[in-house]
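What follows is a set of notes on a single structure, which appears directly below.
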Amino acid sequence: MASLPGAAAPGASRALARPRRRRPALLGLAGILPALVLIVGLILYPVGYAIWLSFFDKHSFFPQERWIGLGNYVRLVGDPEFWDSLWKGTVYAAGTTALQLVFGVAAALVLHRTFRGRTAVRALVLFPYMIPTIVAVIVWRWLLNETFGLVDHLLVAWRIVRQPIAWLSVDHIMTSLIVMSVWQFAPFVTLSVLARLQTIPLELYEAARVDGASAWARFRHITLPQIRAVIFVVILLRGIWMFTKFDTVWLWGEGAGAGAEIRTLPIYAYMRTFTYYQAGFGAALSVVMFVLLMMATGLYFRLFWRDEERT
Amino acid sequence: MTCKSATTFALLSALLLTAASAGAADKKVVRLWQTETEPQTLAVLNEMAAAYEKTHPDVSIKIEGLAWGDLEKKLTAALAAGAPPDAAHGQPITCVSFAAKGLLRPVEDLADSLGKDNIVDAFRGLCRWQGRTYGVGHSPASSLFVYRKDLLNQKGLKVPKSWDELIQVAEALKETKDGQVVRYGLTMTGAPLFINIGVGELLKTNGGRLFDDQGRPTLTSKPVIELLDFYKKLNGVLPPGWTGHGYLDTFANLANGKAAMLYQAYGRGAGYIEKYAPKEIADPEHFAVADKVVGPSGKLPAAQLDCEPWMVFKDAKGASEAVDFLKFFFKDENYVPYLHSVPIHLLSIKKSTTKNPKYADNAMIAKWRPWVDMQEKYFKNDWIKPVLVTDWDDMKKPYLLEVMGSGILVDMVFDAVKGMPSAEAAAKAQKRVEDLLVQTGYLKK
């Protein structure tokens with residue numbers, strides 16, 4: 001077939017079309033490049049480096065390193081302090097997450113109701129989540145000091161207890177840390193649940209009322225199913241964040257003394273890296289923490305996700 | 001705004017920014033980390049820095065105050081990140097550890113500038129490694145045993161001299177009202193750093209050591225077991241929450257009358273007493289000092305030497321400028337106001353300054369003289385040692401920093417306090433310290 005003058009050959013037109021198709025792809029790539037660089041630089045590289053480091057015997061501030069393969073992991077399995085910190089971390093994460101959920105959801109339900117000064121109360125409820133951790137810890141440590149703190153003073157004055165409770169001592173430091181952490185982080189649950197509550201159609205409640213449903217029945221059959229998806233995410237996020245929580249726990253007890261009772265896994269990993277100067281072992285602890293969280297997350301999805309999907 | 005004027009504005013802004021950053025870049029920034037965080041001390045140091053910068057326009061001095069208990073961890077994190085300051089305070093054992101690891105610049109030039117024989121004898125060897133000086137203490141102080149003299153007199157009690165007497169007097173001083181304890185006999189902190197300090201100090205008063213001449217831990221020795229038994233007894237007389245009490249909480253307990261004796265007090269406590277105790281009793285007649293109590297196997301009192309050496313980091317870009325600034329720091333016209341910022345706690349490391357009338361001319365020093373005298377008595381008798389050091393030879397062991405940081409000795413004390421038999425707690429700690437030293441290559445299996 002003779003080609004018309006001026007018309008490009010089929011092969012040539014394909015060759016011309018290719019760069020044109022490529023241009024949007026390149027533009028797209030350029031668009032996501034900053035995010036990609038950030039993800040690789042700030043997430044993938046540190047995680048990869050921590051995994052790499054965990055196979056070495058490495059001092060925290062000297063460049064020399066010695067390949068020991070799985071040596072750090074073998075040591076870790078036989079290390080009673082690791083198991084102890086894992087247990088304490090689990091108690092702390094489970095305790096605080098459960099209580100945050102209870103208080104956070106309850107607060108959200110109260111704040112969803114109409115009452116005078118609701119806006120001010122909503123702002124106040126968020127306050128603990130917004131103040132710096134160091135400020136919260138200093139204030140709470142002062143409040144809970146059993147010789148001059150306000151909490152014990154009131155408990156004794158109101159005859160709730162006969163003797164002051166030594167909140168920061170070895171016996172009660174985990175309890176006081178959980179109380180303080182719930183106070184600090186429950187507003188996140190409140191905020192998330194409240195946002196969802198505000199999107200539930202009022203018609204559902206009106207219809208239930210017409211059918212004679214009690215308050216409990218309305219909560220159980222309307223509110224709870226509607227907020228289940230949010231609760232699913234909140235439990236996941238708060239559980240992960242509390243298991244890896246460092247600042248509050250460290251400032252509360254410094255990892256030793258009475259603080260040994262709250263020496264959770266992140267604290268122990270930090271101590272191994274920066275006070276024992278064993279960066280390789282510290283990295284192995286971090287990797288184990290990461291793997292444990294991945295496994296727990298996988299299990300959580302396996303057990304509960306289908307229900308959520310249906311919801 | 002037109003396109004032309006917007007462009008002109010942008011260009012001018014860029015020029016100004018470039019000029020400003022170039023100006024800042026011309027100056028060499030010298031960063032110093034130090035542990036005196038009281039506002040008046042920071043003010044003196046900042047004034048000193050400003051005065052130095054006036055005569056050294058090419059240098060910018062940045063002084064940062066760090067909490068004492070955090071210093072080692074922050075220095076380690078900075079070293080791990082490859083960004084240590086140019087100079088910093090450190091515990092003497094930190095200084096030795098860093099010197100042994102080759103991280104410090106020798107500072108003989110700084111020591112010489114103070115006058116070879118001018119440094120108080122007890123502090124010349126504060127940070128020496130293989131014959132060289134790597135640190136010069138900023139100001140020495142010793143831990144103190146403070147008691148309420150008026151309360152002891154009221155109850156006809158004598159000042160305790162032994163561990164057992166301390167427990168007895170503490171029990172006798174405890175006061176209750178309507179079933180509530182209104183005053184405890186004794187207060188001590190459970191903060192990790194101070195437990196480490198207490199272990200070294202009390203062990204010394206009990207004639208014990210933490211390490212033998214070969215560098216092996218001696219935690220299963222009799223003096224250590226007795227020490228742990230003593231901590232168990234202390235646990236019975238201290239406030240129930242003492243394990244969670246911070247350093248400053250104990251000063252508050254003493255100054256506010258919540259406790260009658262403070263075992264690990266320091267000179268700066270005088271300032272807290274002046275500030276918080278009732279005016280009519282805020283004096284050394286009521287808050288008196290005495291020798292530290294002696295253990296059953298010991299003969300002499302012992303106290304902790306609180307004197308962080310200035311260390312200069314070898315790879316610091318501003319190392320020589322930092323040394324130059326520190327020479328300026330030790331000049332009496334700068335050093336005396338620094339010492340006077342916390343008068344009873346910051347004593348002079350220079351003999352000449354102690355004799356300087358300007359130094360002695362201070363109302364607090366005049367008032368709290370017995371507290372200063374007690375510290376000088378400890379210095380003269382060589383009853384003071386840095387944290388975890390029970391013998392000056394221990395300063396040759398470069399791993400005390402790792403032992404302190406690991407918290408093993410703190411765990412040992414708390415295991416005992418929580419009810420573990422002392423011998424078992426000691427054996428557990430012995431194994432952990434041995435493991436640590438083997439892992440870090442300081443000890444052969």
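Proteins come first, then strands; the chains are lettered A, B, ... in the order of their sequence lines, and each starts at number 1.
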Distance col, row A:D171:CG vs B:T243:OG1, nearest 0.5 angstrom, shows 7.0 Å
Looking only at heavy atoms, the pair that brings A:G257 and B:P192 closest together is N-CG, 4.2 Å
Point to revise | Crowding at CE, A:M130 (>12 non-hydrogen neighbours, <6.0 Å) | key: yes
Exercise for review: Using a cut-off of 6.0 Å, state whether more than 12 heavy atoms not belonging to B:Y442 lie near its atom OH.
Suggested key: yes
Cut-off 4.5 Å, heavy atoms of chain B, and the answer for A:R162 is backbone
side-chain contact (heavy atoms from CB on, under 4.5 Å) filter on B:A88, not counting sequence neighbours, yields B:W33, B:L75, B:P85, B:M311, B:F313
Residue from A:R272, A:E146, A:R263, A:M271 scoring the most non-hydrogen pairs under 4.5 Å with chain B is A:E146
Looking only at heavy atoms, the pair that brings B:Q180 and A:P164 closest together is OE1-CD, 3.8 Å
Assert top hit (heavy-atom pairs under 4.5 Å, partner chain B, pool A:G259, A:G255, A:A258) equals A:A258
Ranked by heavy-atom pairs below 4.5 Å to chain A, first place among B:E72, B:M404, B:K101 goes to B:K101
Contacts satisfying ring pair (Phe, Tyr, Trp, His ring centres under 6.0 Å) that involve residues 161-180 of chain A (not counting sequence neighbours) are none
Among B:G407, B:G190, B:P239, the residue with the most heavy-atom pairs under 4.5 Å to chain A is B:P239
Distance col, row B:L248:CG vs A:W142:CH2, nearest 0.5 angstrom, shows 15.0 Å
Ignoring hydrogens and geometry, is there a side-chain-to-backbone donor-acceptor pair from A:Q163 to B:G179 under 3.5 Å? yes
Is any side-chain heavy atom of A:E261 closer than 4.5 Å to one of B:K418? yes
query: Around atom CZ of A:F290, are there more than 12 heavy atoms of other residues, nucleotides or ligands at under 6.0 Å?
result: no
Check: Would you say the side chain of A:F148 lies within less than 4.5 Å of the side chain of B:N253, judging by non-hydrogen atoms?
Finding: yes
Under 4.5 Å to a heavy atom of chain A? For B:L103 that would be side chain
| message | So for atom CH2, which belongs to A:W241, do other residues, nucleotides or ligands contribute more than 12 heavy atoms lying within a distance under 6.0 Å? | response | yes
Residue pair A:E254 / B:L193, side-chain heavy-atom distance below 4.5 Å: no
Answer key: most heavy-atom pairs under 4.5 Å with chain A among B:T440, B:L436, B:D249 is B:D249
Interface check, chain A: of B:I195, B:T76, B:V181, most non-hydrogen pairs under 4.5 Å belong to B:T76
Chain A shares the most heavy-atom pairs under 4.5 Å, among B:L401, B:N256, B:T187, with B:L401
Residues at least two apart in sequence or cross-chain that pass side-chain contact (heavy atoms from CB on, under 4.5 Å) with B:E38, listed by chain then number, are B:Q40, B:T41, B:R268, B:Y272, B:V342
Nearest heavy-atom approach of A:S169 to B:P240 is CB-O, 3.7 Å
Answer key: most heavy-atom pairs under 4.5 Å with chain B among A:I173, A:N145, A:I165 is A:N145
Cut-off 4.5 Å, heavy atoms of chain A, and the answer for B:Y399 is neither
Checklist entry - Is it true that atom CZ of A:F103 has more than 12 heavy atoms of other residues, nucleotides or ligands lying nearer than 6.0 Å? => result no
Nearest heavy-atom approach of A:R141 to B:G246 is NH2-N, 4.5 Å
The interface call for A:F281 against chain B, heavy-atom contacts under 4.5 Å, is neither
Take a 6.0 Å sphere around CH2 of A:W67 and say whether it holds more than 12 heavy atoms from other residues, nucleotides or ligands. yes
Minimal heavy-atom distance between A:W250 and B:K73, with the atoms involved, is CZ2-CD, 3.4 Å
Nearest heavy-atom approach of A:T147 to B:K258 is O-CE, 3.2 Å
Point to revise | Heavy-atom side-chain proximity of B:E402 to A:Y277 below 4.5 angstrom | key: yes
Against chain A, residues from residues 408-417 of chain B with at least one heavy atom under 4.5 Å, in numeric order, are B:I408, B:V410, B:D411, B:F414
